[in-house]
Amino acid sequence: MAKSGSTRKIWIVFWILFVLTTIEVILGIFKPQLLTQNSIIGVTLLNHIFIILTLFKAYYIVMTFMHLGDEKNQLQFSIVAPMFVLVPYLLFILLVEASFHGAIG
Amino acid sequence: MQKTLADKNHWGGASRPLVASYGKLMMWFFLMTDALTFSAFLGAYGFQRFVHSESWPIADEVFNHFPFIHGEYPMFFVALMTFILIMSSVTMVLAVHYGHKMDKKKVVFWLGLTIIGGLIFLGSQAWEWYHFIHGTYKGALMGADGSIAHYVAGSTQEIIRHGKVLSGDVAASFIASANEIYGANLIFNEYGHPLFANFFFFITGFHGFHVFSGVVILVVIFINVIRGTYEKRGHYEMVEKVGLYWHFVDLVWVFVFTFFYLV
């Protein structure tokens, strides 16, 4: 909370972001075979890990740094709900279509 | 609150159902739409990458240089850029924090650091663009069909194209019709498919432009803070609104970092 006295929470989130990014960078450099050769629904385990870590980072940035967590519920939903509906929809359409691109006609 | 709802005329204005000021609300809605724009860009990137997967370059083989050090260091520089931007997000949130406490000196200090972080990030991006445009010493061969090939090390007859080694007549006819190219621009890209370069310039450029406008707005409110504008106004909400924008820029970079450089 911004209005409470201490900056402890800000620094905790900083360290969380720092550690998650470091993990991403280390995995990105070494690319363990176990993770790159196995995949779930067409995406390698490594990429799943990257996406999950990114969403974690996004959650902490939005909730703590942008203080969305301190806003009213209705405001939180009106910002987050369109993202959760439209972005997966867009990605689903684009990425599914990409596998058919040039296959017909 | 609940008790007064019935007798209050909501159409007369002056009620704030979301308990946020007009400016802050509009900043949130702007950021939400801007996030959709960036999702469209990254989605389009994913689409093209999927379509041209065989000639798509691997980002850590392209961006593997570090200032003042020779050799190949994949990811190091872009990781540094990410840390710089995260750090500037932290200094921004601290500026907002001290704004709530009306502590002008500390707001000036943390806001100043945020501006410096933003400038360092922009400089790093300029460096990365320069190296990408400039390319490698070896360059590449671009065939008549636009595909990219490289010579096998130490040979002038054998080439690698789309991960396969070609030799003999196939290679000779490819080399005869090919042009040597260096670096990347909107027309060709020595590392692989030209769309990779186009998306790189477009997505990181659009994000970089956000950072640039963010720095300009930060400088404006920095001057206002020093002149005591928000002290007189009685609150530092303007710092908070610009802070929202700045964190958003950091947030977008988190996604660009993952989907452009890692995945």
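The structure presented is a predicted model; accordingly, all values stated were derived computationally and were not measured. Heavy-atom basis, side chains included; hydrogens, waters and symmetry copies ignored. Residue numbering restarts at 1 for every chain, and letters A, B, ... go by the order of the sequence lines.
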Regarding B:E237 and B:K24, does a basic nitrogen lie under 4.0 Å from an acidic carboxylate oxygen?
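Salt bridge between B:E237 and B:K24, a charged N being under 4.0 Å from a carboxylate O: no.
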Side chain, backbone, both or neither: which part of [X] has an atom under 4.5 Å from a heavy atom of chain A?
X      : value
B:T82  : side chain
B:A40  : both
B:F83  : side chain
B:L80  : neither
B:F257 : side chain
B:Y261 : neither
B:L42  : neither

Of the backbone (N, CA, C, O) and the side chain (C-beta and beyond), which part of [X] lies under 4.5 Å from a heavy atom of chain B, both, or neither?
X     : result
A:L95 : both
A:L94 : both
A:L90 : side chain
A:T22 : both
A:I10 : side chain
A:Q74 : both

Enclosure of A:Y60 OH (heavy-atom neighbours >12, cutoff 6.0 Å):
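12 or below, so no.
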Evaluate whether atom CZ of B:F30 has more than 12 neighbouring non-hydrogen atoms of other residues, nucleotides or ligands under 6.0 angstrom away.
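Yes.
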Top residue by heavy-atom pair count (under 4.5 Å) with chain A, among B:A20, B:S89, B:S53, B:G243?
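Heavy-atom pairs under 4.5 Å are most numerous for B:S89.
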Polar side-chain atom of B:H207 near backbone of B:V249 as donor-acceptor pair, under 3.5 Å:
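Between the backbone of B:V249 and the side chain of B:H207 there is a qualifying donor-acceptor contact (under 3.5 Å).
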Sub-3.5 Å donor-acceptor pair from the side chain of A:Q76 to the main-chain atoms of A:G69, do we have one?
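Present.
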Just checking B:Y191 against B:F132, ring centres under 6.0 Å apart?
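Centroid separation for B:Y191 and B:F132: below 6.0 Å.
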Answer with yes or no whether the side chains of B:S88 and B:W246 bring together a donor and an acceptor at under 3.5 Å.
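Result is yes, a qualifying pair exists.
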